[in-house]
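Data block below; observations after.
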Amino acid sequence: MKTPVRVAVTGAAGQIGYAILFRIANGDLLGKDQPVILHLLDLPVAQKALNGVIMELKDCAFPLLAGVVPSDDPNVAFKDIDIAILIGSRPRGPGMERRDLLAANAEIFKVQGKALNDFAKRTVKVLVVGNPANTNAYIAMKSAPDLPKSAFTAMLRLDHNRAVSMLAEKAGVEVADIEKVAVWGNHSPTMYADYRFAAVGGESLAAKINDETWYRETYLSAVGKRGAAIIEARGLSSAASAANAAIDHVRDWVLGTNGKWVSMGIPSDGSYGVPEDVMFGVPVVCEGGVYKRVEGLPVDEFSKGRIQHTLNELLEEREAVASLLS
Ligand code: NAX
């Protein structure tokens, strides 16, 4: 039997938590032969609900679930962990300004970044899901100077999956056959779902769809506003699809993508005109537990404008939290 991998999930008593934990324990994250120990962090006020979730996890008798460590303290929850999926964050309250929301979350991710720095395994892989995901991941990274920057990522995978699914529907092709879709920038309606390189069986998807007006005027905003459309329809924000995207992101990072492009928010190395360290969605391929940015892609005028637009938003967010990091 393999040594269990320790996976921390924060916001474990929330709705994405409820959708993700059972799948991790069932082997969807790391494979059907890999035992896991779940480290579950939530606020003191949520411990009773968390206990109920743990009772249900036990009632599933998952053969791969080798243990559960519940806590309301990041220093306990992050001890010796291999993977951290940071979902819990402060939602926007009535009358709360965007700046206040950024500040409240900055405080949370500063504390959690430091706890990761002090207690997680040196090889830890961190995915931030809680919004504003890119900036929260940036803060956690900046608060963990002893860990490599590459340990920190933000979730763009839900946007990526939505982008691929809508293209498949329009082109009348299978999702699995689509390659080389890229989502750039912030996990927000400003992100840029780029289909210029997308292909099916070697054939350009843009040429197959042959409707640039649809792409620019309908598709891009539909992908960007999909989260709002789900809230409107369901009365609740995306949970199962967000959990699924988090699993896709971490699984691909750990187990590899076999050359396939996926989108991840990663600290910029300065390429594509994005200042260093900004947590920016880019196309990557993963191999051997490492993600690698797809480099050297041409950027046309339209894409340049879209990338700058989403970058400007991230730079504003960075500015809004700068004083908290000093
Ligand atoms: P819920 O409100 O259902 O659950 C959040 C949980 O986090 C609660 O149990 C709460 O007690 C806990 N929590 C709050 N602060 C915490 C802290 N400091 N430490 C530990 N736990 C804490 O929200 P849910 O629907 O699960 O969404 C969670 C987050 O995911 C939100 O920020 C949401 O905006 C974000 N999302 C991000 C997505 C992405 O693609 N990056 C998509 C889905 C989702 O909207």
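We count ligands from 1, going down the list as the structure has it; atoms in each ligand are counted the same way.
- Here's the thing with Ala46: none of its N/O atoms is less than 3.5 angstrom from an N/O atom of ligand 1.
- Closest heavy-atom approach to atom 4 (O) of ligand 1 within the set Gly14, Ser241, Ala13: this belongs to Gly14.
- For ligand 1, one of its N or O atoms has an N or O atom of Ile16 under 3.5 Å away.
- Contacts of Asn131 with ligand 1, taken as heavy-atom pairs under 4.0 Å, involve both backbone and side chain.
- The nearest heavy-atom contact from the protein to atom 19 (N) of ligand 1 is Gln112 NE2, 3.4 Å.
- Of the protein's heavy atoms, at least one falls inside 4.0 Å of atom 25 (O) of ligand 1.
- For atom 32 (O) of ligand 1, the nearest non-hydrogen atom from the set Gly11, Ala12, Ser89 belongs to Ser89.
- Checking side-chain atoms of Asn186 against main-chain N and O of Leu314 turns up no donor-acceptor pair under 3.5 Å.
- Neither the backbone nor the side chain of Arg157 comes within contact range of ligand 1; no heavy atom lies under 4.0 Å.
- Nearest protein heavy-atom neighbour of atom 17 (C) of ligand 1: Leu43 CD2, 3.6 Å.
- For the residue pair Asp300/Ser303, the side-chain donor-acceptor check at 3.5 Å is satisfied.
- By the criterion of side-chain heavy atoms lying less than 4.5 angstrom apart, applied directly or through intervening Ile, Leu, Val, Met, Phe, Trp or Tyr residues, Ile81 is not grouped with Trp253; the two fall into different hydrophobic clusters.
- Between Leu297 and Pro283 the shortest side-chain heavy-atom distance falls below 4.5 Å.
- When the shell of 6.0 Å around NZ of Lys121 is examined, it contains more than 12 heavy atoms from other residues, nucleotides or ligands.
- Among protein heavy atoms, atom 42 (C) of ligand 1 sits closest to Leu158 CD2, 3.7 Å.
- Under a 4.0 Å criterion applied to the non-hydrogen atoms of Ser238, ligand 1 contributes the atoms 43 (C).
- Using a 3.5 Å distance cut-off with no hydrogens or angles, the side chains of Tyr18 and Glu56 do pair a donor with an acceptor.
- A salt bridge does not link Asp159 to Arg226: none of the charged nitrogens lies less than 4.0 Å from a carboxylate oxygen.
- Under a 4.0 Å criterion applied to the non-hydrogen atoms of Ala242, ligand 1 contributes the atoms 42 (C), 43 (C).
- Comparing Ile230, Ile20, Asp73, Val129 by heavy-atom distance to atom 37 (C) of ligand 1, the nearest is Val129.
- Considering Asp72, Ile87, Val9 only, the shortest heavy-atom separation from atom 29 (C) of ligand 1 involves Ile87.
- Compare Leu50, Ile108, Asp42 by their heavy atoms: the one nearest to atom 20 (C) of ligand 1 is in Asp42.
- Counting heavy atoms of neighbouring residues, nucleotides and ligands inside a 6.0 Å radius, atom NZ of Lys48 does not exceed 12 of them.
- Distance alone, capped at 3.5 Å, is enough to place a donor-acceptor pair between the His39 side chain and the Ala77 backbone.
- Under the 4.0 angstrom criterion for non-hydrogen atoms, Pro91 is not in contact with ligand 1.
- Side-chain contact check for Asn131 and Asn136: no donor-acceptor pair (N or O, by modelled atom type) lies under 3.5 Å.
- The proximity of Gln15 to ligand 1, defined as any non-hydrogen pair under 4.0 Å, involves the side chain as well as the backbone.
- Using a distance-only test at 3.5 Å, with no hydrogens or angles considered, no donor-acceptor pair links the side chain of Asn134 to the main chain of Ala154.
- Heavy atoms from other residues, nucleotides or ligands lying under 6.0 Å from CZ of Arg99 number 12 at most.
- Residue Ser237 approaches ligand 1 through these ligand atoms, each under 4.0 Å from one of its heavy atoms: 25 (O).
- Counting only non-hydrogen atoms, the option in His187, Glu107, His160 that gets closest to atom 39 (C) of ligand 1 is His187.
- Of all atoms in ligand 1, listed by their number and element, those nearer than 4.0 Å to a heavy atom of Gly88 are 7 (O), 13 (N), 22 (C).
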